[in-house]
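Okay, structure first, notes after.
The structure presented is a predicted model; accordingly, all values stated were derived computationally and were not measured.
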Amino acid sequence: MDFLVEDLLKIKTADHSKIQALIKRYFYDLGYYSRTEKEVWRDRKGRIDVFAQKGGYTVGIEIDHCSIRLNSIEKLNALKPSLAVFVLKGRVFNWEKTYSRFKLLKVKSLIVHLQSGRYKWIYH
């Protein structure tokens, strides 16, 4: 999956809808069924920014600004994908806030900050 990191870091826009479209297309080109705004239920209805599936392997992607939002964690934990990806698009990246939220993740996750090129895998 390291190729995923490399390809995500090639994204050079901070526009949310463009990032969604690029990621959706990326997975589609790899033979995945992919879509944006997939509904997921937890205590209330929410939407995952991008969802991709190939066979039994699923990927849920949330695009946030400078740190992982609690809402994004809740949605991906409820979806229970094979891999959760958090794409952070903001110029400033709050690593301290993001690291403090790692304990809330219940699925294998990848955090990618587009502006700095930094990333972190979290395995559970």
Side-chain angles (χ1 to χ4, degrees):
M1 279 301 214
D2 286 335
F3 65 91
L4 173 61
V5 173
E6 291 173 20
D7 291 335
L8 286 174
L9 290 174
K10 291 177 185 173
I11 296 173
K12 299 300 180 200
T13 182
D15 181 275
H16 191 92
S17 59
K18 287 182 182 176
I19 294 170
Q20 278 183 304
L22 288 168
I23 293 171
K24 177 184 174 193
R25 182 66 183 192
Y26 171 80
F27 279 102
Y28 177 81
D29 288 347
L30 290 175
Y32 283 75
Y33 160 79
S34 60
R35 63 176 288 190
T36 58
E37 303 298 333
K38 177 177 173 49
E39 286 188 1
V40 64
W41 284 91
R42 50 197 201 297
D43 293 338
R44 61 187 187 278
K45 184 169 67 170
R47 291 194 173 128
I48 301 294
D49 286 320
V50 182
F51 174 76
Q53 182 174 13
K54 189 174 193 179
Y57 191 81
T58 58
V59 182
I61 299 111
E62 277 291 290
I63 303 163
D64 291 331
H65 193 67
C66 63
S67 65
I68 299 172
R69 294 180 313 131
L70 293 174
N71 188 37
S72 295
I73 292 171
E74 289 174 4
K75 289 188 289 184
L76 286 172
N77 282 341
L79 181 66
K80 297 179 184 158
S82 306
L83 175 64
V85 180
F86 297 89
V87 175
L88 303 173
K89 63 182 181 172
R91 289 197 185 279
V92 177
F93 183 37
N94 190 334
W95 279 106
E96 185 177 320
K97 190 176 198 178
T98 295
Y99 282 133
S100 72
R101 294 179 176 174
F102 284 176
K103 64 183 175 286
L104 302 173
L105 297 170
K106 296 180 181 172
V107 294
K108 178 181 175 182
S109 301
L110 168 64
I111 293 91
V112 177
H113 181 233
L114 297 178
Q115 300 293 325
S116 70
R118 294 178 68 183
Y119 64 92
K120 175 81 175 161
W121 288 98
I122 297 109
Y123 300 95
H124 291 279

### Query
side-chain contact (heavy atoms from CB on, under 4.5 Å) between Phe27 and Leu4: does it pass, once the steps are laid out?
CA-CA 10 Å; Phe27 279 102; Leu4 173 61; 4.0 Å; yes

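With hydrogens and angles disregarded, a donor-acceptor distance shorter than 3.5 Å links the side chain of Asp64 to the backbone of Arg69. Within the 3.5 Å criterion, the main-chain N or O of Ala52 finds no donor-acceptor partner in the side chain of Ser34.
Distance check: Lys12 NZ to Lys18 NZ gives 15.0 Å after rounding to the nearest 0.5 Å. From Leu30, atom CG reaches atom CZ of Arg25 across 11.0 Å, with rounding to the nearest 0.5 Å. A distance of 8.5 Å separates CG in Asp49 from CD1 in Ile61, rounded to the nearest 0.5 Å.
Using a 4.5 Å heavy-atom cutoff, the side chains of Tyr33 and Phe51 are in contact. No side-chain heavy atom of Leu79 sits less than 4.5 Å from a side-chain heavy atom of Val107. Side-chain atoms of Leu105 and Phe86, non-hydrogen and from C-beta on, do get closer than 4.5 Å to each other. Between Tyr26 and Leu22, every side-chain heavy-atom pair lies at or beyond the 4.5 Å cut-off. Under the 4.5 Å side-chain criterion, counting only non-hydrogen atoms from C-beta, Thr58 is in contact with Ser82. Put simply, the side chain of Ile48 does not reach to within 4.5 Å of the side chain of Glu37, judged on heavy atoms.
Pairing each heavy atom of Ser67 with each of Lys97, the nearest pair is OG-CD, 3.4 Å. Shortest non-hydrogen contact noted between Gly55 and Gln53 is O-NE2, 3.2 Å. Nearest heavy atoms, Ile11 versus Ile23: CD1-CG1, 3.9 Å. In plain terms, the two heavy atoms of Lys108 and Tyr123 that are nearest each other are CE-CE2, 3.3 Å. Residues Trp95 and Arg118 share a closest heavy-atom pair of NE1-NH1, 2.7 Å. Between Leu76 and Val85, the shortest heavy-atom contact is CD1-O, 4.2 Å.
Other residues, nucleotides and ligands contribute only 12 or fewer heavy atoms inside 6.0 Å of the CG atom of Asp43. In Tyr28, the OH atom is not crowded: 12 or fewer heavy atoms of neighbouring residues, nucleotides or ligands sit closer than 6.0 Å.
Partners of Lys89 under the side chain to side chain contact (heavy atoms under 4.5 Å, CB included) rule, at least two apart in sequence or in another chain, are His16, Ile19, Ile63, His65, Leu114.
Within the structure, salt bridge (Lys or Arg N to Asp or Glu O under 4.0 Å) pairs that include any residue of residues 73-82 comprise Arg42-Glu74, Glu62-Lys75 (at least two apart or interchain).
Side-chain heavy atoms closer than 4.5 Å link hydrophobic residues (I, L, V, M, F, W, Y) into clusters, and following such links, possibly through other members, connects Leu104 to Leu88. Under the 4.5 Å side-chain contact rule for hydrophobic residues, Tyr57 and Leu8 share a cluster. With hydrophobic clusters built from ILVMFWY side chains whose heavy atoms lie under 4.5 angstrom apart, Leu9 shares a cluster with Trp121.
The aromatic rings of His113 and Phe93 lie parallel to each other, with less than 30° between the two planes, well short of the 60° mark.
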